[in-house]
Amino acid sequence: MQSKRPAQPPVDPVSWYARSPQEVASAFDVDPASGLCAARVAELLAVNGPNALPEEKPSPAWRRFIEQYRSYMQIVLVAAAVVSLLIAQWSTAILLIALTLLNAIVGLRQEGKAESAMNALKSMLTTTARVRRDAAESEIPAEQLVVGDVVLISAGDQVPADGRIIEAHALQIDESALTGESVPAAKDAGTLPDTRLGPGDQSNTAFMHTPVTHGSGVVIITATGEDTELGKISEMLSATEKEEPPLTKELDRLTLWITAAAGLTMIVMFALGRSRDQAWDVLFVSAVSLAIAAIPEALPTVTQAILSVGSLKLAKRNAIVKELPSVETLAFTSAINSDKTGTLTMNQMTAVEVVTPADRYTVAGTGYGLDGRIQHAAGSSAGIEDAILPYLVANDAKLVDGELVGDPTEGAFLVLAHKAGLDIEATRERLPRIATLPFDPSYKLMATFNSTVDASGRPVVRCFVKGAAPAVTARAATALSAGRTIPWDAELTRRAQEQAERMGGEGRRVMAAATRDLDPAGFDPDADLLAYVTDLRMTSLVGMVDPPREESRAAVASAQDAHIRVRMVTGDDVTTGAAIARQLGIPGEAVLGADFAALPEHEQVARIDDIGVVGRVAPEHKVLLAATLKKKGDVVAMTGDGVNDAPAIKSADIGIAMGSGTDVAKNAGRMILSDDNFATIVYAVEQGRKLYDNLTKYIRFVLLLLVTFVLTFLGATVFNIAAGEPFTPPQVLWIHFVVNASFGFALGFDQESPGLMRRRPRPRGESVLTRPVLVTVGLAGLAITVILLGLIKLGGSHFGSVRIGSSMAFTAFALCLIVAAFECRSETDSVLTTSTFDSKQMNWVALAQFVLAVLVTQMDGFRRILDTTEINLRQFGWALLSAVVLLLLWELGKLLARGARRSG
């Protein structure tokens, strides 16, 4: 879709927050009282286009199906099928084509689950907006908004586009999806300094698709569509491409190597065959047999099955994997950039400390649970009830069955009141409310006016106030101390400021409460209520925090034990983030996202290891962090729940969205945590490591199988054994799909290797085809090749039939693969221990393969299908001896490898 860029506004759009309401109105030539005229709206719509985000159009189903054949494995399978058709190997061709269709269907199913994050972003936009146009108010489709429109917003609305607030009445907007702030942002119409503030610091700006939670306001639209903050996120999403998972790259690399080796072997076969005057059709049959032998046909199917079972196991633990290869990507994870609110913390504000002029109390318990009690830590007062009463009375929240209805901060105060023994409903009933002064960012407090009586029994209107500590203390004249009223002097002001700074330094949000008694005769509920909020009597300060999850501490420690670096990435301020990080055991300095982005690239890479917390992050900062870690070679997991997290989630190696988050984040991610719990991420990494470790065992086994096939066919051609065709296509397919696939499943579901979570993550780009693996596979494959070709020759020279020799070799191959499967479980550990048999799956598969190795030459049905002949006990003994020889040689090699590792 071609997008239209809006016409350039009269001034720099980045600094609208630094312009006064009058300057903004003048810049757009609009009268806020009457709005734009119809002609001007039509002109702007024609130039700038609708207030909409771009939409991704999905590829047609046929094209997505064709794209499944772009992988190297699919190409090789199709090529082998075509050659099989040309030489009339019909059953082989049909089987190969069926395999490619199965792989394509599985791929399409996974692709269908990964919906477009951009389309989810577009679908969540507001459908209507209330505007002033031509001196009249009306409701219009949000797509028809233009820059300069005057929009009215109130509680319950979604902001339809970015705009400068020119009027605000107790306005609060939930910007958590955009900025990561854990509480609604208070908004006003004031002018801010032009210092390149991020969205989270623009208190006079409203942003597209943020819900209004309280109050009302008037906004002049300054950006629509792609020019909004949401539009910038959409642009980042479209520019971000997901990387192929490590396992996919590994399988592609393996396919190329095997294809190259098979191709070279075919050239040698044809050259030698023609030099010996062998017929072309015979050579083609031998070439197809080699191609089928060299292609790991069962590998994609077995891999998909292993990953599918792994994803089901993760789903049972609340980690839902959208794309199967992401399961193994978890194994490489070396850095986790985690959101704070709701992931590392409970996302439930909790009052943890109460301070009065004479006393200090600590509060146990977390979240909105009512368990816990208040501990009198210092002072002499008998009770805390009077000190915290304003927090309960000047409060509109409710707790229903442990669930909060209302503002998170007010919910925390209700829990505090319950722990203090106050009956919430009874207290509110005996203090009927007469009037309310709602919270407003300009004065940063809320007050209610309630009917009651004073100590002498005289009726009064009592003003209960709660708000930000500086706002309340600035209006204080006296204080409640140990039941007495004392002057609020310079000493009390200093002490209050010290306590507030101490709690703030510990990452706590500091609130204050106060009261004032008014004469009912002089109180007018319709007057300016703020005028009554003076000469207050301070009652207390309260320190609040969104507490860390208990399981998060253990999970962070487990991640660090696994050499995975955890960083906190949050929209909250640096001080709060650093305090929570200390409690969780996350090391490193705390920096602002903007400060990190301002560093030169080389310094970003140099400093990233020293950073543990990044605060006030914008979406581009999160993407930058992931990119910087990738440059250092880390495999990055990124968690988040908001729209602002989506680009970073998409750009990370493993993007993890919270189950309670936005659809945009979920569609951008590869995995969803249905419980929003950081501990689940660490569990998923552990399972990913286990699955990948088991897959590498299987890849070693497959590689050995393929090397043996290539060397055996090459050796048979060079030495003219069995006419260059040691195994027929049916025998090759039997080895691949009966022996190889069975052991593939057994190895894929093997026990976890000891010490797996104490190992360092695999570096980015490190191949499973390491030098030790290649040496082991090469030597073992060569040994098996010598054994197989020797048995074929033995059959012709001592038992009078090459066919008997081929049957002995076929049986020996199956027995040798039983040994190889056990040996491939570890690169260096001996199989001559009892732990070798700790996997029931391996034991049963090995037993079944031994029985089948006997039956393939003893049962008439198997002999006809596989073109084998009956062998006697002596001949079977030669096959069994071959497996024993392989076992001894392999164990000798492992012994030497362990010695070299110890000496190194």
Legend entry - Side chains of K690 and L756 in contact at under 4.5 Å (non-hydrogen atoms): yes
Legend entry - Y683 backbone acceptor or donor facing R317 side chain under 3.5 Å: no
Legend entry - Residue list, salt bridge (charged side-chain N to carboxylate O under 4.0 Å, His left out) with D645, at least two apart or on another chain: K622
Inset, instruction - Measure from the side-chain N and O atoms of Q604 to the backbone N and O of L599, and report whether any donor-acceptor pair falls under 3.5 Å. - result: yes
Legend entry - Side-chain heavy atoms of T333 within contact of D653, under 4.5 Å: no
Inset, instruction - Apply side-chain hydrogen bond (donor to acceptor under 3.5 Å, both in side chains) to T210 and list each qualifying residue two or more places apart in sequence or on a separate chain. - result: none
Legend entry - Rounded distance (nearest 0.5 Å) linking atom CZ of R670 with atom CD1 of I649: 12.0 Å
Legend entry - Which residues share a salt bridge (charged side-chain N to carboxylate O under 4.0 Å, His left out) with E550, sequence neighbours left out: R553
Inset, instruction - Check F332 against V635 and note the closest heavy-atom contact, atom names and distance. - result: O-CB, 3.2 Å
Inset, instruction - Please list, chain by chain and in numerical order, all residues satisfying salt bridge (charged side-chain N to carboxylate O under 4.0 Å, His left out) with R759, sequence neighbours excluded. - result: D693
Inset, instruction - Using salt bridge (charged side-chain N to carboxylate O under 4.0 Å, His left out) as the criterion, list what pairs up with E506, not counting sequence neighbours. - result: R502, R508
Inset, instruction - Mark yes or no for whether D162, through its side chain, and F207, through its backbone, hold a donor-acceptor pair below 3.5 Å. - result: no
Inset, instruction - Ignoring hydrogens and angles, tell me if any N or O in the side chain of D546 forms a donor-acceptor pair with the backbone of M349 under 3.5 Å. - result: no
Legend entry - Pairwise side chain to side chain donor-acceptor pair (under 3.5 Å) hits with a residue in residues 607-618, at least two apart: E181-R616, E589-R607, D609-K632
Legend entry - Heavy-atom closest contact (R567 atom, I611 atom, distance): NE-O, 3.1 Å
Legend entry - Counterpart residues, side-chain contact (heavy atoms from CB on, under 4.5 Å), relative to V682 (two or more places apart): A555, S558, A559, F678
Inset, instruction - Using side-chain contact (heavy atoms from CB on, under 4.5 Å) as the criterion, list what pairs up with K666, not counting sequence neighbours. - result: A657, D663, I672
Inset, instruction - First locate atom CG of L230, then atom CE of M208, and finally report the distance between them rounded to the nearest 0.5 Å. - result: 6.0 Å
Legend entry - Distance-only donor-acceptor check, side chains S334 and D634, under 3.5 Å: yes
Inset, instruction - With rounding to the nearest 0.5 Å, note down the distance linking CD1 in I336 to CG in L629. - result: 11.5 Å
Legend entry - Electrostatic pair E229:K232 at N-O distance under 4.0 angstrom: yes
Inset, instruction - Hey, could you give me each pair passing salt bridge (charged side-chain N to carboxylate O under 4.0 Å, His left out) that has a residue in residues 591-604? Not counting sequence neighbours. - result: E601-K631
Inset, instruction - Might you work through the side-chain contact (heavy atoms from CB on, under 4.5 Å) test for D407 and H214, ending with a clear yes or no? - result: CA-CA 10 Å; D407 181 81; H214 195 274; over 6 Å; no
Inset, instruction - Locate the shortest heavy-atom distance separating P160 from N51; write the atom from each residue and the value. - result: O-ND2, 3.1 Å
Legend entry - Partners passing side-chain contact (heavy atoms from CB on, under 4.5 Å) against A597 (at least two apart in sequence or in another chain): H621, L624
Legend entry - Shortest non-hydrogen separation from I564 to P761 and the atoms involved: CG1-CG, 4.3 Å
Legend entry - Contacts of D676 that satisfy side-chain hydrogen bond (donor to acceptor under 3.5 Å, both in side chains) - sequence neighbours left out: S660
Legend entry - Derivation and outcome, side-chain contact (heavy atoms from CB on, under 4.5 Å), residues L695 and L307: CA-CA 9 Å; L695 279 170; L307 294 177; 3.8 Å; yes
Inset, instruction - Could you go through the side-chain contact (heavy atoms from CB on, under 4.5 Å) check for L344 and I586 one step at a time? - result: CA-CA 11 Å; L344 292 169; I586 297 176; 4.2 Å; yes
Inset, instruction - Measure the CZ-NE2 distance between R758 and H563 for me, rounded to the nearest 0.5 Å. - result: 9.0 Å
Inset, instruction - Indicate yes or no for a side-chain donor-acceptor contact from T350 to the backbone of G367 under 3.5 Å, with no hydrogens or angles considered. - result: yes
Legend entry - Side chain D194, main chain S15, donor-acceptor under 3.5 Å: no
Legend entry - Donor-acceptor pair, side chain of S338 and main chain of T639, under 3.5 angstrom: no
Legend entry - T228 side chain vs G225 backbone, donor-acceptor pair below 3.5 Å: yes
Inset, instruction - Identify the heavy atoms of A319 and A684 that sit nearest to each other, and give their distance. - result: CB-CB, 4.5 Å
Legend entry - Shortest non-hydrogen contact between V636 and A626, atoms and distance: CG2-O, 3.9 Å
Legend entry - Min side-chain heavy-atom separation I580-V545 under 4.5 Å: yes
Inset, instruction - Nearest 0.5 Å please: distance from the NZ atom of K697 over to the CG atom of N694. - result: 4.5 Å
Inset, instruction - Working to the nearest 0.5 Å, report the span between CZ of F596 and CD1 of I608. - result: 4.0 Å
Inset, instruction - List for me each residue that meets side-chain contact (heavy atoms from CB on, under 4.5 Å) alongside D675, sequence neighbours excluded, and say none if there are none. - result: N318, L673, N677, T680
Inset, instruction - Would you check, one step at a time, whether the test side-chain contact (heavy atoms from CB on, under 4.5 Å) holds for E620 with V623? - result: CA-CA 5 Å; E620 59 270 22; V623 174; 5.6 Å; no
Legend entry - Side-chain heavy-atom pair V591, V574 within 4.5 angstrom cut-off: no
